[in-house]
Every structure is written in C-alpha cells, then in structure tokens.
Amino acid sequence: MLFDISRQPNPNLSDHYEDSGWVISTDQGWNHYSHGGTQCLHKGLQGNSCTIAVSEGGWTLETSDLRTFPIWTDQIQERITNCVPLDRRIHQFNKISYEQGLNTEYSEPQWYTELERSIRLLDRTEAMDTMCQWLVLRAEQLPDMPIRCAFTGGVDSAVIMSALKYAKRDFTMVNEIAHTKRPNHEYMWGQKKAAGGTFWGYDQLADAGEPHIQATGFWGDEWMQRNPYYVHLYLQQWDRDITQEYDKAGKSYMLGFFNEGYRDKIADLVPEPNPRKSMMQRMTNDFQMWHMDQCLTWTPFCDRETLEISLRLDPDAVIDQCVNAGFSRAMIRRLGNEKMLDVLNVNKNNRIPK
C-alpha cells in the first residue's frame with residue numbers, strides 16, 4: 001500500500017495514475033473505480049486501508065480510523081507519500097486533502113479522547129472474553145483469499161494463528177523472510193535507514209508476488225502491553241515501577257528483551273507531566289506494517305478494540321503481560337490452542353537474559 005502523490009511520477013514505484021495535474025505512483029494491487037465523478041484508488045483490508053480520491057485538481061486521502069502507516073510531505077507541501085521520508089511527518093488523526101494547497105486538520109476521535117482520560121478498569125475475564133471474541137470475528141470477516149502465517153516462535157503470531165484456527169479459517173505456514181524482494185519491496189526497504197528504522201517490519205514480509213493475506217502479530221508488543229517503555233508510562237497511574245517488577249520476577253520470558261533494549265532507556269527517562277497522554281501519542285504514531293503489492297497484511301492488534309481493552313487492564317495483569325506474556329498466553333488457551341504454548345520460544349525474540 002505504497003503511494004507517492006506529486007506533480008511528477010516516482011520512477012521507483014511500479015504503477016502510475018495521472019489526473020488533474022497530479023501523478024499518483026503506487027505499488028501493485030490497487031483497485032481503480034469512479035464514484036460520482038470522483039476517481040478513486042483503493043487498497044487494503046478492514047482496519048488497514050487507504051483510499052485516494054481525485055477530482056477537479058484536488059485530492060483527498062482517506063484511511064481507517066487508526067492509520068497504519070506514516071505520511072510525509074515536502075517543504076513546499078506539493079508531495080505526500082508513505083514510502084519516502086520527506087521534510088515533515090504528519091501525525092495520526094490528521095485529515096489530509098489538497099485544494100489550492102495542502103490541508104491537514106487534526107481531528108481526534110471522541111473514543112480516543114475518552115480513553116486518554118479514563119482509568120476505569122475492566123474485569124480481567126471480561127477483557128479476555130472481549131479480546132478473543134473480537135479477534136475471531138475479525139478472522140471470520142477476512143476475504144476469501146489464501147491466508148499465510150509466518151510462525152516465528154513468538155507469542156503474537158501464536159495468538160493470531162489460534163484465532164484463525166478457532167474461526168475455522170484455513171492457513172499455511174511460510175518462511176517469515178522473503179530472501180528475494182520484488183522491486184517495490186526492495187525500494188521501500190532501501191529507505192529504512194533514512195526513515196529512522198520505520199520500515200523494519202518489511203524484512204519479515206514473506207512474499208508479495210501473488211494475491212494472498214499474510215496474517216501477522218505486528219503491534220503485539222506495543223498495543224498489547226508488552227512494550228516495557230509504554231508499560232512504564234502506563235503504570236505511573238498506580239505508582240508502580242516496571243523495572244522493579246522485572247527484578248522481583250527474576251528469570252522470565254521478556255527479561256532478555258527488557259535488559260537489552262529498555263532497562264537503561266527507562267532509567268534515563270525524564271518524568272512525563274502526563275504519562276498516559278504521552279504513551280497513547282507514541283502508541284498511535286508507532287507505524288509498523290501495511291500492504292505490499294499483491295500481499296495484504298492482516299494486522300488485527302492495530303485496532304481501536306485492542307487499545308480500548310489493553311489500556312483498561314489492571315496493573316497486575318499488565319505487569320504479568322509485560323514480564324511473562326501472561327494475558328497473551330491465556331488468550332491462546334481460551335481459543336483452544338493450548339498445545340501452541342509448548343512450541344513458543346523460551347525467551348522473547350530468543351534474547352537470553354544477561
């Protein structure tokens with residue numbers, strides 16, 4: 001789901017559509033249609049989609065409620081893209097259009113504002129039931145396409161596969177890495193360093209050459225209360241310290257991951273005046289995976305429902321999730337796939353605690 005809207009084509013992308021003085025360069029797999037005289041390009045799945053509507057010299061960019069990809073514009077604001085880091089990044093919840101100039105209007109959804117202010121906690125059983133029911137529903141709603149899943153030994157892909165199995169959706173296991181990337185894939189991957197690592201997930205895309213859905217566990221750490229930095233901010237509401245919790249727990253599933261990437265980072269943090277607000281802004285602007293050519297990526301953890309559940313878990317449940325992936329393991333059991341727990345990695349990302 002790559003696009004570059006400009007006055008000139010981006011020669012590094014494969015497909016180009018011209019209208020009203022604009023050239024929209026994209027990867028493969030977009031659908032073109034007309035709606036009331038407006039020409040539209042669309043690509044995606046429910047919860048992870050994009051529509052570009054062009055008419056009378058202007059255009060509008062429409063995305064899912066929670067946009068899954070970054071957007072940049074250039075200094076003169078005559079170019080918009082999600083695959084090339086330009087001068088300014090446009091944050092989540094901005095409505096974007098062009099009519100005699102670029103328009104960006106920040107419009108925060110009411111549910112997000114309420115969640116930011118809310119500390120009403122969910123009963124743990126209720127949270128578990130709701131999350132599992134929602135994941136299964138999303139699996140049932142997937143279009144009739146081949147589904148592939150790259151099992152990495154991680155808990156997130158195990159949850160996704162358990163939901164697919166419960167929903168009676170057939171899927172096949174694939175290698176998580178495409179060793180030979182197609183041209184659009186290679187172009188985007190080449191922008192990773194300039195984009196500050198934003199495109200890291202595209203080294204885990206299995207294949208983009210034929211129409212299919214790749215089911216993924218992306219956003220599982222960040223939106224399922226297993227990112228230690230975000231959890232550190234979350235727990236400040238209850239004056240709990242995630243570093244102390246890791247130290248009390250001793251050897252655990254997430255300890256190596258925490259020690260390697262977060263222990264020192266958290267120790268050096270300056271206190272936030274509004275930690276929940278800061279946490280949610282970082283979470284919703286943490287972009288990871290969208291679609292590539294003929295491959296549609298199913299990323300159900302990046303959804304409003306996930307936030308509304310995970311950000312209302314009680315602090316003990318969050319600590320157990322961040323340290324042991326306890327909530328995610330319980331989801332796998334609830335979805336009737338307990339045998340999957342036996343093949344999970346002992347340590348998150350195989351990082352042995354030091």
Side-chain angles (χ1 to χ4, degrees), residues 45 47-48 124-125 127-142 146-177 200-201 203-207 212-228 230-231 251-258 288-289 295-303 305-306 309-310 313 317-353:
L45 295 170
N48 189 351
R124 203 176 303 189
T125 300
M128 178 71 60
D129 289 344
T130 305
M131 183 73 82
C132 288
Q133 290 167 7
W134 163 76
L135 270 179
V136 171
L137 176 63
R138 283 287 191 264
E140 291 173 342
Q141 292 172 336
L142 288 172
I147 301 173
R148 301 174 183 174
C149 190
F151 178 54
T152 63
V155 69
D156 298 316
S157 56
V159 170
I160 296 303
M161 286 191 292
S162 299
L164 288 168
K165 185 176 180 180
Y166 192 96
K168 296 181 172 56
R169 297 301 302 262
D170 294 331
F171 62 91
T172 56
M173 304 287 292
V174 295
N175 189 328
E176 66 175 297
I177 297 175
W200 63 270
D203 201 34
Q204 297 182 26
L205 190 67
D207 175 53
H212 72 282
I213 294 168
Q214 182 171 330
T216 81
F218 278 92
W219 280 278
D221 286 349
E222 292 74 17
W223 287 32
M224 286 287 289
Q225 295 283 22
R226 281 207 335 278
N227 179 295
Y230 297 162
V231 170
K251 187 176 180 180
S252 65
Y253 173 69
M254 295 282 291
L255 182 59
F257 181 74
F258 172 75
Q288 297 186 11
M289 173 64 71
C295 172
L296 298 178
T297 52
W298 186 46
T299 53
F301 289 132
C302 181
D303 209 305
E305 285 82 355
T306 306
I309 294 170
S310 68
L313 290 176
V318 170
I319 290 166
D320 182 45
Q321 171 72 345
C322 191
V323 174
N324 301 302
F327 190 82
S328 294
R329 292 173 189 271
M331 288 180 65
I332 294 170
R333 294 189 188 94
R334 183 67 59 87
L335 291 166
N337 201 16
E338 191 165 358
K339 290 183 179 180
M340 180 65 74
L341 298 174
D342 297 333
V343 296
L344 295 181
N345 295 333
V346 175
N347 300 293
K348 159 77 173 171
N349 292 356
N350 287 319
R351 295 178 181 177
I352 300 173

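One-based numbering along the sequence shown.
- At distances below 3.5 Å, at least one donor-acceptor pair connects side-chain atoms of Gln321 with backbone N or O atoms of Ser328.
- Exactly one of Met161, Arg148, Gln214 qualifies for a side chain to side chain contact (heavy atoms under 4.5 Å, CB included) with Phe171. That residue is Met161.
- Residues Ile160 and Pro300 form a side-chain contact, since some pair of their non-hydrogen atoms from C-beta on lies under 4.5 Å apart.
- A donor-acceptor pair under 3.5 Å is absent between the side-chain atoms of Gln225 and the main chain of Val318, judged by distance alone.
- For Thr299, the side chain to side chain donor-acceptor pair (under 3.5 Å) partners at least two apart in sequence or on another chain are Asn48.
- Taking the salt bridge (Lys or Arg N to Asp or Glu O under 4.0 Å) definition, one finds that Glu305 meets it with Arg138, sequence neighbours left out.
- Scored by the side chain to side chain contact (heavy atoms under 4.5 Å, CB included) test, Asn324 finds Ser252, Asp320 as partners (sequence neighbours excluded).
- Contacts of Tyr230 classified as ring pair (Phe, Tyr, Trp, His ring centres under 6.0 Å), with partners at least two apart in sequence or in another chain: none.
- For the pair Met340/Ile332, a side-chain contact is recorded, criterion being any heavy-atom separation below 4.5 Å from C-beta on.
- Residues passing the salt bridge (Lys or Arg N to Asp or Glu O under 4.0 Å) test with Arg329, sequence neighbours excluded: none.
- The closest side-chain heavy-atom distance from Ile147 to Thr172 is not below 4.5 Å.
- With sequence neighbours left out, the side chain to side chain donor-acceptor pair (under 3.5 Å) criterion links Asn227 to Tyr262.
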Step by step, work out the side chain to side chain contact (heavy atoms under 4.5 Å, CB included) result for Phe327 and Met224.
CA-CA 9 Å; Phe327 190 82; Met224 286 287 289; 4.1 Å; yes

Pair Trp134, Asp303 - check side chain to side chain contact (heavy atoms under 4.5 Å, CB included), show working.
CA-CA 10 Å; Trp134 163 76; Asp303 209 305; 3.4 Å; yes

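- Checked against side chain to side chain donor-acceptor pair (under 3.5 Å), Arg333 has no partners two or more places apart in sequence or in another chain.
- Taking the centre and axis of the six-membered ring of Phe257, the NZ or CZ atom of Lys348 falls inside the cone set by 45° and 6.0 Å.
- Side-chain contact between Trp298 and Leu45 is present, with heavy atoms from C-beta onward closer than 4.5 Å.
- Partners of Gln133 by side chain to side chain contact (heavy atoms under 4.5 Å, CB included), not counting sequence neighbours, listed by chain and number: Asp129.
- Qualifying side chain to side chain contact (heavy atoms under 4.5 Å, CB included) partners for Asp156, counting only residues two or more places apart in sequence or in other chains: Asp221, Arg226, Phe301.
- For Cys132, the side chain to side chain contact (heavy atoms under 4.5 Å, CB included) test picks out Met128, Met331, Arg334, Leu335, with sequence neighbours left out.
- Considering only heavy atoms from C-beta on, Leu164 comes within 4.5 Å of Leu142 through its side chain.
- Residues forming a side chain to side chain donor-acceptor pair (under 3.5 Å) with Ser310 (at least two apart in sequence, or on another chain): none.
- Between Trp223 and Phe218, the ring center distance fails the sub-6.0 Å criterion.
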